[in-house]
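Quick note: numbers below take in every heavy atom, side chains included, and nothing from hydrogens, waters or symmetry partners. Naming: A, B, ... by sequence-line order, numbering from 1 per chain. All values reported here derive from a predicted model rather than from experimental measurement.
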Protein chains: 2
Amino acid sequence: MAKLIKRSAEEEAFLAEYEVEAFERSSVTVDVVVITAIDGHLRAVLYRRPNAPEKGAWSLPGGFLREDETLHRTAERVLERRAGLSEGFFFEQLYTFGAPDRDPRTRVVTVAYYALVEPGRLQERLAEGEQADVQLATLTVPWLGEQAGPIEAADAKGKKLRLAFDHAGILGMAVRRLRGKLMYTSIAYRLLPETFTLRELQQVHEAILGEALNKRSFRRRLLASGEIEPTGKLEEGTDFRPAQLYRAVLGW
Amino acid sequence: MAKLIKRSAEEEAFLAEYEVEAFERSSVTVDVVVITAIDGHLRAVLYRRPNAPEKGAWSLPGGFLREDETLHRTAERVLERRAGLSEGFFFEQLYTFGAPDRDPRTRVVTVAYYALVEPGRLQERLAEGEQADVQLATLTVPWLGEQAGPIEAADAKGKKLRLAFDHAGILGMAVRRLRGKLMYTSIAYRLLPETFTLRELQQVHEAILGEALNKRSFRRRLLASGEIEPTGKLEEGTDFRPAQLYRAVLGW
DNA sequence: ATAATAGTGTCTCTCAGACACTATACC
DNA sequence: GGTATAGTGTCTGAGAGACACTATTAT
């Protein structure tokens, strides 16, 4: 503590309160919403909880904040350990959840992050070994625009998943943030491989916004934006006319 | 704690890890950026720190998260105790700061909130008693749009203030958020009294965005938005032609 | 009358949406 | 050829900015 100085009664009161309150400490965790887009739908990595509380429910990958570690670094650790991701993706802080009863064991304040990953990286990763306890769940957003609210997750067969704690709300916040940022930042490219067609880019935009977009406007706007450049190559393996491949021109 | 239940070996292992990590706990505080707009400039409530660390520097009002209290409620408590505000204003969570060295005393994770208040409420409050240790500092934002970054604060005489900890960055996040929300939400009215002129409304928009707006477009857009309605009254006490007074029509 | 701001008429430019069309691949 | 998608030409309407104008208040 600082050395003693002359204090007013008010300052003494303030310091006394500080000492008392300093005893009340919380566990701080970081949960990460790892998002990708496949066939026009957003998806997120979910883990099945093996233990109580919320045993059997699906939850976001998370971990405890350690001493001398930034929140950012905790998120990186979670991404590496629980999703096998170590670099080449975008992530940022989302929102902090601190309801006193959100975890029945003890007071837990959770700082949520979200990460955007191209689907190939995750599918590779999640294909290793048995997947009974991890999956790329498909998200369904029951609201438009940035209204926010909890959202639903389903497995590959379309079966609705029970989400643990307040994680439906955290997923909702992630989608809300994506929708808000889509217009004025370049997040969409983070959900695509290095080269992509305009159709794929439009599908990602539509998956985020949850609504169909006008093809003519979309192409005009994106081509005029300077954010993408043609590679001169065509996509391969289609059943129909192959499209031009583009590349994002950004400071990744 | 929950009552004991039968556990598998795997569950035991999980709980053991949980117990270990549960020892690493942090102090959680809530700092609030209380913002208003006066004469085309954003302002924020700042307190002078009476003690080390950062003695003499200016800081955001804040307080510790208590047991059984939501983050939201902590913010309310800070607003009431440190700014005299108990209702009738907007506030929401901003961002969470958790660098290990941001407070030299102990590990402190701070969840920042911001509140929007009409200037009358604050000036009333801050006028009570001596103001040597609290003030409505004027903010200067050295960047455009939502680039983000720290911002500067100055006192009534224009003298630059030294800001404590990472509070310049927190203020920057608040302005960034305001700029982002201005276009698609009704936050501007939260910085104005119940009735206001279109000039005052435009000045608030300009203060938030940090740039001049086109008068014709601004009026057209706001009048067509359905967000405001005329009161039929005129402003009083001007040196020139008095303007119509409007009222926001929102779910406050 | 003068100064200062409130408030409007109207032209132009940009851009989004609608619609219809042509182009190119696989089968 | 048929089918499916890629990709374009062009009209229309909405809205932003520019500019110039009229209106109303205090002094």
*side chain to side chain donor-acceptor pair (under 3.5 Å) involving B:Arg247 - partner list, sequence neighbours excluded*: B:Glu229
*Check the distance between C:dA6's P and B:Phe196's CZ and give it to me in whole angstrom.*
14 Å
*Strand-adjacent residues in residues 219-232 of chain B, judged by heavy atoms under 4.0 Å from DNA chain C*: B:Arg219, B:Arg220
*Taking the side chain from A:Arg121 and the backbone from A:Leu85, do they hold a donor-acceptor pair closer than 3.5 Å?*
no
_5'-most by nearest nucleotide on DNA chain C - B:Arg216 or A:Pro242_ = B:Arg216
_With heavy-atom distances below 4.5 Å as the criterion, would you say the side chains of A:Leu46 and A:Leu163 are in contact?_
yes
*Donor-acceptor pair, side chain of A:Thr36 and main chain of A:Val117, under 3.5 angstrom*: yes
*Between B:Tyr47 (side chain) and B:Arg82 (backbone), is there a donor-acceptor pair under 3.5 Å?*
yes
_In this structure, how many angstroms lie between the P atom of C:dA6 and the OH atom of B:Tyr246, rounded?_
11 Å
*asked:* Holding to salt bridge (Lys or Arg N to Asp or Glu O under 4.0 Å), I want the full list of residues that pass it with B:Arg102, two or more places apart in sequence or in another chain.
replied: B:Asp166
*Let me know the distance between CG of B:Asp239 and C1' of C:dT2, rounded to the nearest Å.*
13 Å
*Listed by chain and number, what are the side chain to side chain donor-acceptor pair (under 3.5 Å) partners of A:Glu118, not counting sequence neighbours?*
none
*Quick one: which residue pairs count as a salt bridge (charged side-chain N to carboxylate O under 4.0 Å, His left out) with a foot in residues 135-163 of chain B, not counting sequence neighbours?*
B:Glu54-B:Arg162
*asked:* Whole angstroms only, please: what is the CZ-P distance between A:Phe218 and D:dT8?
replied: 14 Å
*Would you indicate which nucleotide in C:dA23, C:dG17, C:dA6 comes nearest to any side-chain atom of B:Lys215?*
C:dA6
*For A:Thr238, report the nucleic acid contact type (base, sugar-phosphate, nothing); a contact means any heavy atom under 4.0 Å.*
sugar-phosphate
*If you check the A:Arg241 side chain, which of C:dC27, D:dT5, D:dT27 turns out closest?*
D:dT5
*Look only at the side chain of B:Thr238 and the backbone of B:Phe240, and say whether a donor-acceptor pair between them is shorter than 3.5 Å.*
yes
*Taking for each residue the nucleotide of DNA chain C bearing the nearest heavy atom, is the 5' side occupied by A:Phe240 or by B:Gln244?*
B:Gln244
*For DNA chain D, find the residues of residues 198-214 of chain B with a heavy-atom distance under 4.0 Å and give them by number; none if there aren't any.*
B:Asn214
